[in-house]
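Report on the following structure.
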Amino acid sequence: MMKPSTLICSVAFGIFASSTGWTVENGDLPTAVTTKREMVVTANPLATAAGAHILKIGGTATDAMIAVQTVLGLVEPQSSGLGGGAFIVYYDAAANRTITVDAREKAPAAATEDRFVGAGGFTNAWQSGLSVGVPGVPRMLEYMHDRYGHLPWQRLFVPAKVLAEKGYPLTERTSDQVAGLLAANPSCAEGERLFFRDPTAFEYFADPADCTARPAGTLMRNLAYAKTLKALARWGADAFYQGPIAGEIAQAVQGDLNIPGDMTTEDLHNYQVVVREPVCKTYQGYQVCGMGPPSSGGLAVGQILGLMEHRPDLMGDDPLAVETVHLFTQAGRLAFADRNQYVGDSDFVPVPVAGMLDDSYLAERAALITEVDMGTAEPGDPPGAVGPGAPDNTVKLSGTTHVAIVDRYGNALSMTTTIESSFGNGVMVRGFLLNNELTDFAFSPTDNQGNLVANRVEPNKRPRSSMSPTIVFDADGRVALVTGSPGGSRIIGYTAQSIVNVIDFGLDPQEAINVPHYMNRNGRTDIEEPIPGVTLEYDAQALADALISKGHSVGIIEQNSGLSMIQVKEHEHPGPGNRKHRGKDKRSQRLLIGGADYRRDGTVGGR
Ligand code: DON
């Protein structure tokens, strides 16, 4: 039996019951983990262990995040790393302030709006130098540590460095993803291989003798990564953005074997993170705060919740009731119509942030929801919108991961971190993979009428994201929930649904994660197949039929989320002293309740 303070995947037998009384016979499902002091949830047990260790020795949420990110870049390399970007929503307890940190990758200064026109479609652009944005993660680690770290910077790199030198077991998920991409190659021969065209990445992830993925359990050493970590630990982020590492990144991009890119060492040298105000929306008495542009996450999650709140008449009694799914998916249609039309990097294009979350505007939009599917939603006209513009309706593939941390000091950190698609652009430099984030831009700068797309490529611009790191505050302004997920543009639905499951249906984070997802990104309604022992069993076909009778076109799909959630419950308890004085000396006690996504290798750690 594992100690509660270690990595946990506890399992319940029998009845699944929420605090609303909704019950489902569901066999063995993961149950929530509770701690009192601190908690970290990530998509990998080694990353969670590193974060939990840093918290245990007195580190802050930021300290733990640095250890977690550097380990994730090693052990879940397909999802995030030094070569990628991230968004953080951070609650600073001492200042009682919430900020967001934008460490999104940037287009090089030489980028032009027709970058992807004629690039041969998404896959060819993805596996090329054109897709690589200037990475933001190393600068973000330093920025956060300078302001919110307690432990010495160098200390935080030790877990990843030791694992990189001693080796870590390759996970089944990583091995399977390598196999999937290798199988998509027309030929495995050098020069003909598209996926893992870079010989360094190929030799690391595959056996060159027979072109197969290294099997799960293989002890993977990454000495180049250990060396990069040593340089960062010693010299700070400048070791990455200047000097030989920057030189090698630029060289790899410009010398890409498929299509050369244009990133320069100057682009790297100039990279800065941007601190932005959070985008917040009230929901059922809570304040839901997320990432604003260039992410569409905070706005779209806020819109979905705001639209739902305006239609309590259409809400169902449980998370899988057809009424709930219908309302959620209609709100999704409306939110995606606005997102696609209006959201881009607000340092370059006007985004009507306040207007999109304006309550009268959302009331007007919510009135469009009826008992039957509305079909394709048109964008609305939120206050402050500047037109005409054209939508970017591209749906992105699923390489991203979410980290939730609460420390003993009361700080909360919600970070979604990414290299975009699986294994980024497939090129490895100094032990880390380069991202393909720029494929998050619209491939065409205009629509057929010549109207400009807000999310078109421009020099130094950041591509629109769907990443939705979120912190929810209760009516007293206390942190109530830390949540977020990977999943491409599905992130928005996963995150919004996790909040509805907790706030509306009283589920704890693990129960909330165990519910299969549903969503509509202004196209087909997707519902997820259950996974025995991982998600709630339910009759997906019966739900699909009920939705079809409401006019939906429905797809039953495989699951692909990766939610990491922490709920914070504060309750007062009588302090010490005799009965006479009890109540006068009340103490507030905190309970942290964690849920991880066992669809991935999610784990909860802490004490
Ligand atoms: O920023 C974004 O929205 C995407 N680059 C995220 C990609 C993603 O989540 C892939 N996931 N599994």
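Keep in mind that the numbers below use all heavy atoms, side chains included, and drop hydrogens, waters and symmetry copies. Counting convention: from 1, in listed order, for ligands and their atoms alike. Numbering starts at 1 and runs along the sequence shown.
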Ring-ring centroid check Y225 Y204, cutoff 6.0 Å =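 Here the rings of Y204 and Y225 have centres that are no less than 6.0 Å from each other.
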**Message:** Is it the case that the ring center of Y518 lies less than 6.0 angstrom away from the ring center of F328?
**Reply:**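 Ring centres of Y518 and F328 closer than 6.0 Å.
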(request) Just grab all the salt bridge (Lys or Arg N to Asp or Glu O under 4.0 Å) pairs involving residues 121-131, residues at least two apart or on different chains. (result)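 Checked against salt bridge (Lys or Arg N to Asp or Glu O under 4.0 Å) - neighbours excluded - no pair reaches residues 121-131.
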Q. For ligand 1, is there an N or O atom under 3.5 Å from any N or O atom of D440?
A.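 Yes - when backbone and side-chain N and O of D440 are compared with those of ligand 1, one distance drops under 3.5 Å.
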### Task
Return yes or no for this condition: an N or O of G488 is under 3.5 Å from an N or O of ligand 1.
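Among all N and O atoms of G488, at least one is under 3.5 Å from an N or O of ligand 1.
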task = Assign the ring pair F195 / W126 to parallel, tilted or perpendicular, where the plane angle (0 to 90°) is split at 30° and 60°.
result =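 Aromatic pair F195/W126 classed perpendicular.
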query = Who passes side chain to side chain contact (heavy atoms under 4.5 Å, CB included) against E277, sequence neighbours left out?
reply =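 So E277 forms a side chain to side chain contact (heavy atoms under 4.5 Å, CB included) with R97.
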Practice problem: Please state whether R490 comes within less than 4.0 angstrom of ligand 1, counting heavy atoms only. | Solution: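 R490 does not count as a contact of ligand 1 under the 4.0 Å cut-off.
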Taking 4.0 angstrom as the limit and counting only heavy atoms of [X], give me the atoms of ligand 1 inside it, by number and element.
X	value
R600	12 (N)
E437	1 (O), 4 (C), 5 (N)
I491	9 (O)
E420	4 (C), 5 (N), 6 (C), 7 (C), 10 (C)

Give the contacting part of H402 toward ligand 1: side chain, backbone, both or neither, where contact means a heavy-atom distance below 4.0 Å.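 No part of H402 comes within reach of ligand 1.
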So, T418 versus T400: side-chain donor-acceptor pair below 3.5 Å or not?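 Side-chain D/A pair, T418 to T400: present.
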